[in-house]
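Source: prediction; values computed, not measured.
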Amino acid sequence: MQKTLTAATEYGFDDWHQFTCQNLSLSECSKASGSPFRAKVSSRRFGSLVLSEVSSSAQDRFCITRGQREIRKDPRDHFMCYLVLEGRVDLAQSGRQASAAAGDLFLYDQAVPFAFDFYRHHSLLMTIPRALLESRIPMAAGLTARRIGGGSRIGALAASVLRQIKDLEASPIPEVESRLAASAGDIITAALEAGLTGC
């Protein structure tokens with residue numbers, strides 16, 4: 001599932017926004033009027049997880065917000081593990097703020113209002129079902145918008161797993177892919193717990 005937009009018009013931006021609302025979460029987006037915008041989004045299911053790759057070459061900062069109104073209309077209930085590959089992404093959620101550069105990770109919650117500020121960036125997002133993450137990290141909701149540095153051993157481990165999933169060929173045997181996804185999920189959630197709690 002992939003769509004590339006190259007138009008330097010509001011139509012291009014609106015098209016991208018519609019795609020992300022359908023595949024990630026319902027939100028509001030804004031950017032400077034007339035600012036050129038180019039973006040690419042792809043998503044792939046991996047067992048109970050979903051890995052999305054997003055990038056934009058917007059020349060100016062643009063913003064995404066998800067408030068209570070959007071949450072009521074779109075009650076997708078999962079966490080997102082976010083890895084920045086290039087550029088910079090800022091997140092505000094639950095009274096906390098995280099600013100992430102290349103190699104950094106953070107966690108955010110689709111069921112709680114948030115605000116993103118994006119610059120030119122390239123990122124990977126792992127969708128993790130709430131029940132799955134909270135069965136491993138019961139305090140997950142209190143760990144959102146906390147940066148895990150890409151230079152740390154834990155951050156590097158989680159980033160490596162996400163990159164390998166992106167490059168992994170789909171298995172023709174669903175049971176094999178489900179087991180691989182479960183193992184990958186265990187590594188990512190363990191890394192998140194260690195990186196965010198200091199355990």
Side-chain angles (χ1 to χ4, degrees), residues 1-45 49-128 141 143-150 155 158-159 162-163 166:
M1 178 181 2
Q2 183 162 300
K3 191 167 193 176
T4 303
L5 308 172
T6 58
T9 65
E10 286 296 322
Y11 172 80
F13 184 77
D14 289 345
D15 200 10
W16 169 82
H17 182 208
Q18 182 180 11
F19 184 95
T20 59
C21 283
Q22 291 172 348
N23 292 275
L24 296 174
S25 63
L26 185 65
S27 64
E28 292 292 328
C29 293
S30 63
K31 70 177 183 67
S33 178
S35 175
F37 185 86
R38 179 179 181 177
K40 181 182 289 186
V41 182
S42 63
S43 293
R44 173 195 168 189
R45 180 162 291 282
L49 310 172
V50 176
L51 184 69
S52 300
E53 184 174 8
V54 300
S55 63
S56 76
S57 57
Q59 294 182 5
D60 299 305
R61 179 177 65 92
F62 63 101
C63 307
I64 295 178
T65 59
R66 179 168 162 87
Q68 292 293 357
R69 183 174 66 88
E70 288 77 29
I71 292 169
R72 285 193 297 270
K73 290 182 178 180
D74 171 36
R76 274 176 272 195
D77 192 23
H78 47 250
F79 289 90
M80 305 289 285
C81 176
Y82 200 115
L83 167 65
V84 180
L85 299 176
E86 299 175 24
R88 175 182 160 191
V89 177
D90 295 338
L91 166 68
Q93 186 170 57
S94 300
R96 296 181 291 273
Q97 294 186 340
S99 183
D104 297 339
L105 302 98
F106 56 81
L107 186 70
Y108 73 97
D109 188 344
Q110 293 280 32
V112 177
F114 61 73
F116 274 105
D117 282 343
F118 293 92
Y119 304 82
R120 187 185 302 268
H121 79 107
H122 179 196
S123 305
L124 294 177
L125 291 77
M126 175 66 78
T127 302
I128 308 173
L143 300 177
T144 59
R146 297 182 187 275
R147 172 182 162 274
I148 300 176
L162 289 171
R163 290 189 179 98
K166 178 180 76 73

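D74 meets the salt bridge (charged side-chain N to carboxylate O under 4.0 Å, His left out) test with R66, R76; sequence neighbours excluded. Applying the salt bridge (charged side-chain N to carboxylate O under 4.0 Å, His left out) test to R88 and every residue at least two apart in sequence or in another chain returns D90. Remark: S55 pairs with no residue by the side-chain hydrogen bond (donor to acceptor under 3.5 Å, both in side chains) rule, at least two apart or across chains. In this structure C21 satisfies the side chain to side chain contact (heavy atoms under 4.5 Å, CB included) test together with H17, L26, S27, sequence neighbours excluded. Partners of E28 according to the salt bridge (charged side-chain N to carboxylate O under 4.0 Å, His left out) rule, which considers only residues two or more places apart in sequence or in another chain, are R69. Residues satisfying the side-chain hydrogen bond (donor to acceptor under 3.5 Å, both in side chains) test with R96, not counting sequence neighbours, are T144. Partners of R147 by side-chain hydrogen bond (donor to acceptor under 3.5 Å, both in side chains), not counting sequence neighbours, listed by chain and number: D104. A search for ring pair (Phe, Tyr, Trp, His ring centres under 6.0 Å) contacts involving H78 returns nothing, not counting sequence neighbours. For F79, there are no ring pair (Phe, Tyr, Trp, His ring centres under 6.0 Å) partners, not counting sequence neighbours. Partners of A111 according to the side chain to side chain contact (heavy atoms under 4.5 Å, CB included) rule, which considers only residues two or more places apart in sequence or in another chain, are D77, D109, R130. By the salt bridge (charged side-chain N to carboxylate O under 4.0 Å, His left out) test, R120 is found to be paired with no residue, residues two or more places apart in sequence or in another chain being considered. The side-chain hydrogen bond (donor to acceptor under 3.5 Å, both in side chains) check on Q110 picks up S25, with sequence neighbours excluded.
Counting only heavy atoms from C-beta outward, the side chains of E70 and T65 never approach each other to under 4.5 Å. Side chains of D117 and C63 form a contact here, defined as non-hydrogen atoms less than 4.5 Å apart.
Minimum heavy-atom separation, V50 to S43: CG1-CB, 4.4 Å.
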